[in-house]
**Student:** 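The structure that follows is given in the form of C-alpha cells.
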Amino acid sequence: EDAIGWSKLQLSDTYDDSDHEYYRPQYHFAPKFGWMNDPNGLFYLDGLYHLYYQYNPFASTWGNMSWGHATTKDFVHFDHHPVALLPDELGAIFSGSIVVDKENTAGFGKNAVIAFYTNANKEDFTEQSNSMAISTDGGYTFKKYEHNPVVTFDCPDFRDPTLIRYKNQWNLFIATKQWIRIYSSQNLKEWKFESEFGHGIGNHEGVWECPTVFEVDGRWVMLLNINPGGVFGGSATQYFIGDFDGHEFKCEFPPRVVKWMDFGKDAYATVAFHNPPQLTAIAWMSNWEYGKQVPSTQFRSAFSIPRTFKIVENPTTHERDLYSIPLPSFEQCFSKAVDKITPSCLVEIELTGVTAKQVNITLKNEHEHVDMEINRCHEGRFYFTRGCQSGIHDFGTTFCATTWAPYHNKDHYLIKLFIDKHSVEAAISGGRKSFF
C-alpha cells in the first residue's frame with residue numbers, strides 16, 4: 001500500500017499491435033497479441049470462415065484459457081474480433097466445437113450458433129466438464145447456457161467435445177484419457193451415452209485430445225490428436241477410417257496399425273470446419289515439446305494452411321489411406337509462376353524422368369536454410385531436415401530434427417512448398433504425405 005507506483009498506474013484503451021516480431025507470418029493466421037494453441041469451434045456461415053482458438057489474451061504464455069475469434073474469406077486475410085468466451089466459475093475454457101442449428105432443434109432460434117467447450121477447474125485443471133454457449137448474432141457474442149455443465153463424467157481428462165449432425169440426431173465425441181466417449185441427443189441439451197471407441201486401437205503413448213469426425217468419399221474418418229507419442233516425438237495427429245451409424249464408430253484398420261496425418265513436427269489439434277463449402281481442416285502449427293518456448297514475445301503460435309481430404313486405396317496393401325491436400329481455393333491465391341522465392345510464396349517442384357538414386361533440394365537465404373531429400377533406394381523416402389542453421393533453434397533440444405515419409409513414385413515427383421516468414425509446409429505426391 002505504501003508503494004508510490006500504484007497511484008500512478010492508468011488503464012489504456014489500446015495497446016500497440018504493430019509488428020515487432022521477425023518471425024510473424026505473412027499469411028498464416030496468428031493472434032495480434034497473446035498465446036494461441038488449439039483451433040476451436042470452426043464453422044462456416046454466410047461466406048465467412050470463423051476461427052476460434054485457445055487463447056491467453058493477457059500474455060504470450062499459456063494460461064487464462066479463453067476462446068479468441070477471427071474470420072476470413074480466403075485464409076490469407078483475417079479480421080480479428082473480441083474474445084468470444086472467457087473463464088467463469090466453472091473454470092478455464094478449453095477446446096471444443098461449434099455447430100449451426102439450422103432446424104432450431106435446441107430451441108434457441110433457427111441458425112443459432114451453438115458452442116460446446118470444456119470447463120477445466122481446480123488448480124491443476126483436473127476437474128473437467130463440458131458446457132454450452134449460444135450465439136444469436138452469427139458467432140460474434142455468446143451467452144453461456146444457464147444449466148451448464150451439460151455433459152459430465154468422473155475422469156480428470158474429459159475434454160474437447162466435437163459435435164456432428166448425423167441424420168436426425170446430434171452426436172458428441174469427447175476425448176477421455178486414451179479413448180473416445182460417444183453421445184447422442186435430439187436437442188443438444190440432454191445427452192445419451194452410446195459407446196466408447198479406441199480401446200486397443202491406434203497409438204496410446206499419450207493422452208488423446210481434440211477429436212474431429214467427418215465423412216468423405218463414402219467413409220467416416222476420425223482424427224485423434226495425441227500428446228506425447230507422435231511419430232517423431234511430442235504431439236501429432238493420428239487418423240482412423242471406418243463406419244459410423246450414429247451409435248458406434250468401427251475402424252477398418254487392424255488394431256495395431258497406426259496411421260499419421262502428418263510427417264513433420266508441427267501439426268497438432270487438426271480439426272475440421274462445420275458446414276464448409278468443401279471439407280476443410282486446419283491445425284495448430286507447433287509441438288508441445290517446445291511450443292511454449294518458441295522465439296517470439298508479442299505473440300506465440302500460428303495455424304497451418306487449410307487443407308481438405310480424400311480417401312485413396314493403396315494399390316499394394318489395398319488399405320485405404322487419407323490424403324491431406326492443400327485447399328484448392330486457398331492455393332489459387334498464389335501465383336504459379338515464381339521467379340524468386342520470397343517470405344510469402346508457393347513453390348512447385350516437379351521432377352520427371354528421375355534416374356538418380358538421390359535428389360537434394362535446399363531452401364536458403366543469407367541466414368537460414370532447410371534441406372529436403374528424395375531417396376529412391378529401397379522403398380523410397382522423402383526427408384525434411386530442420387537443422388541448426390534453420391533459424392533460432394536453441395529454445396528446445398528437439399526442434400532440430402530430420403523427419404521422413406515413404407515416397408513410392410518411380411520417376412515422377414511433385415512437391416508443393418508453402419513458404420512463409422516463419423515456416424515451410426510441404427505437400428508431396430498429390431497430398432499423400434504432408435510435412436508441417
**Student:** If the threshold is 4.0 Å, N to carboxylate O, is there a salt bridge linking R159 and D38?
**Tutor:**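 No, no charged N to carboxylate O under 4.0 Å.
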
**Student:** Determine whether a donor-acceptor pair (N or O, by modelled atom type, separation under 3.5 Å) exists between the side chain of S60 and the backbone of Q298.
**Tutor:** no

**Student:** Please check: side-chain N/O of D217 versus main-chain N/O of I311, any donor-acceptor pairing under 3.5 Å?
**Tutor:**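 Side chain of D217 to backbone of I311, a donor-acceptor pair under 3.5 Å: yes, one is there.
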
**Student:** Looking at E425 and R307, is there a salt bridge between them, counting it only when a charged N and a carboxylate O are closer than 4.0 Å?
**Tutor:** no

**Student:** Test your reading of the model: is there a side-chain donor-acceptor pair from W67 to the backbone of F94, 3.5 Å cut-off?
**Tutor:**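 Yes, W67 side chain to F94 backbone: donor-acceptor pair under 3.5 Å.
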
**Student:** Is a side-chain N or O of S66 found less than 3.5 angstrom from the main chain of N64, in a donor-acceptor match?
**Tutor:**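 Here the side-chain-to-backbone pair exists.
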
**Student:** Determine, for E313 against R320, whether the closest basic-nitrogen to carboxylate-oxygen distance falls under 4.0 angstrom.
**Tutor:** no

**Student:** Any donor-acceptor pair under 3.5 Å linking the side chain of N225 with the backbone of C210?
**Tutor:** yes

**Student:** Closer than 4.0 angstrom, basic N to acidic O: yes or no for D243 and R219?
**Tutor:** yes

**Student:** Which residue, W284, Y53, W35, Y55, forms the side chain to side chain donor-acceptor pair (under 3.5 Å) with S301?
**Tutor:**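 Testing each of W284, Y53, W35, Y55 against S301, the sole residue satisfying side chain to side chain donor-acceptor pair (under 3.5 Å) is W284.
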
**Student:** Donor-acceptor check, side chain of Q178 to backbone of G206, threshold 3.5 angstrom: yes or no?
**Tutor:**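 Answer holds: yes.
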
**Student:** Please report whether the ring centroid of W170 lies less than 6.0 Å from that of F116.
**Tutor:** no

**Student:** Before we go on, tell me: are the rings of F173 and F240 under 6.0 Å apart, centre to centre?
**Tutor:** no

**Student:** Tell me whether the centres of the aromatic rings in F214 and F309 are closer together than 6.0 Å.
**Tutor:**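 For F214 and F309, the ring centres are under 6.0 Å apart.
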
**Student:** Please state whether the rings of F263 and F232 are parallel, tilted or perpendicular, taking 30° and 60° as the class boundaries.
**Tutor:** perpendicular

**Student:** Is it the case that the ring center of F33 lies less than 6.0 angstrom away from the ring center of F299?
**Tutor:** no

**Student:** Do H50 and Y140 have ring centroids that are under 6.0 Å from one another?
**Tutor:** yes

**Student:** Please check: side-chain N/O of Q54 versus main-chain N/O of I93, any donor-acceptor pairing under 3.5 Å?
**Tutor:** yes

**Student:** Has the side chain of T212 got a donor or acceptor atom that lies under 3.5 Å from a matching backbone atom of A272?
**Tutor:**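 Such a contact is found between T212 side chain and A272 backbone.
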
**Student:** Decide whether a cation-pi geometry holds between K265 and F384; the criteria are a distance under 6.0 Å from NZ or CZ to the six-membered ring centre and an angle within 45° of the ring axis.
**Tutor:** no

**Student:** Tell me if a side-chain donor or acceptor on Q128 pairs with a main-chain N or O of F125 at a distance below 3.5 Å.
**Tutor:** yes

**Student:** I want to know whether F29 and F303 have ring centres closer than 6.0 Å.
**Tutor:** yes

**Student:** Give, for atom CD of Q169 and atom NE2 of H247, the distance between the pair rounded to the nearest 0.5 Å.
**Tutor:**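 Q169 atom CD to H247 atom NE2 measures 5.5 Å (nearest 0.5 Å).
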
**Student:** So, Y27 side chain and I419 main chain: donor-acceptor pair closer than 3.5 Å or not?
**Tutor:** yes

